[in-house]
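Residues take their numbers from the sequence shown, with the count starting at 1. Remember, it's 1-based here, ligands and their atoms both numbered in the order they're listed. What you are looking at is a predicted structure, and each value in this text was computed from that prediction instead of being measured. Excluded from the calculations below are hydrogen atoms, water molecules and symmetry mates; all remaining heavy atoms, backbone and side chain alike, are included.
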Amino acid sequence: MLPPGEPDPNLLVGLDTSDDAGVYRINDDIAMIQTVDFFTPIVDDPYFYGQIAAANSLSDVYAMGGKPLTAMNIICFPTKKLELKVLADILRGGADKIKEAGAILLGGHSVEDNEPKYGLSVTGVVHPEKVLTNAGARPGDVLVLTKPIGTGIITTAIKGELASQEEIDNVIQVMATLNKNAAEAMAEVGVNGCTDITGFGLLGHASEMARGSSVSMTIWSELVPVLKGAREYTKMGIVPEGTRGNLKYISQFVDFKQNVLEEDRLVLTDATTSGGLLISVPGHKSQQLMKELADRGVREAAVVGEVGAGSGKIIVTNLP
Ligand code: CO
Ligand code: CO
Ligand code: CO
C-alpha cells in the first residue's frame, strides 16, 4: 500500500499530460493501456458508423505505441424509435474492426437513449520502456502525419447534402482505416513520440505534444495531406462549430505566418474523427519511417513539419 498522496510509481501515463490513454505498469515487461471513446453517428450508414467509432476508439492504443487486446462495447440506442437492425449493423461494424485489429470483444453495456451513441472501451499492452507519449518529441525530429485531415468539414458538407458520392466514400474509408499499420511501421523504426489526431484537430494535438515535450514545432501548411473538397467547402463557410472553436482557442499557442490563408488555418484545426497518427521521429530515421509506412499501405502519410528547441510554440508557414 502507498501512503496517501504518494504517486504510484507504476502509473506511467495519467491525467496530467492530456495524453491519448492511461498507461499502468503491471511488471517489467508489460504495461496496460486503457482508453474509452464514443460518439453520435458521423455518417448515415450504421455499419460504417460502427466501423469508424471502433477504429477511433482503438486508435488511442496505437497512439501510445501499444497493441489492443480486448474491447467492450458502449452503446446508447433508442429502441422505440429505430429498428433493431440498425443496432445490429452498428455492432457488426465495430466487431469487424475489433477483429481486424487482432483484439477480442469481451462484452459491453447498453442503455436506452434518444440518440444512438457508440464506441469502445479498449485495453491494450505495451512494453513499459516503449510507451510513446506526447511528451517525447525532441529538437531535430521530423513530424509525420499518417492520414489526410478535413473529416469534420467533409462530414458537415455531407449533412448539408453538398458532398459528392466520391467525397463521401473517401471520407468514410479514411475514418474507418485502423492506425494499426501505421503503428507497426513506427514500432519497426523506433520513434520519439506520437499522438493521434481527433477532436482538437492537427494543430490542437500537435500543440499538446509541443507543450508536453517542451519543444517548438514548425508545420508546413502545404505539405499537410488534406481530403479532396475540404478547402473548397471551407471557403464556402461549410465548417463545423468545433473547428471554429479550435482555431480561436489554439491561436494563443500558434504563430500563423501571413502567407497562410484563413481557410488553411481552419483546415489545420478541423475537428477530426478517427484521424491519423502524428509521429515525432528522429530526423535521420524519417525516410526509413516513410518507407515502412508505404510498405504497409499507408500511402497518404506525409512529412508535415519539424521539431525545434523551445517551449510549446507552433509556427505554421508555407514553404518559401
Ligand atoms: Co487520442
Ligand atoms: Co480519445
Ligand atoms: Co502517444
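The closest approach of Asp196 to the Co ion (ligand 1), by N/O/S atoms, is made by OD1. Taking the Co ion (ligand 1) as reference, Asp20 places its N/O/S atom OD1 nearest. Among heteroatoms of the N, O or S kind in Asp60, OD1 lies nearest the Co ion (ligand 1).
Open room surrounds CG on Asp28; 12 or fewer heavy atoms of other groups in view lie less than 6.0 Å from it.
Every residue was checked against the salt bridge (Lys or Arg N to Asp or Glu O under 4.0 Å) condition with Lys130, not counting sequence neighbours, and none meets it.
Screening residues 71-85 for side-chain hydrogen bond (donor to acceptor under 3.5 Å, both in side chains) gives Asn73-Tyr118, Thr79-Glu112, Lys85-Asp89 as the qualifying pairs, with residues at least two apart or on separate chains.
Under 4.0 Å is where a charged nitrogen must lie from a carboxylate oxygen, and between Glu262 and Lys235 no such pair does.
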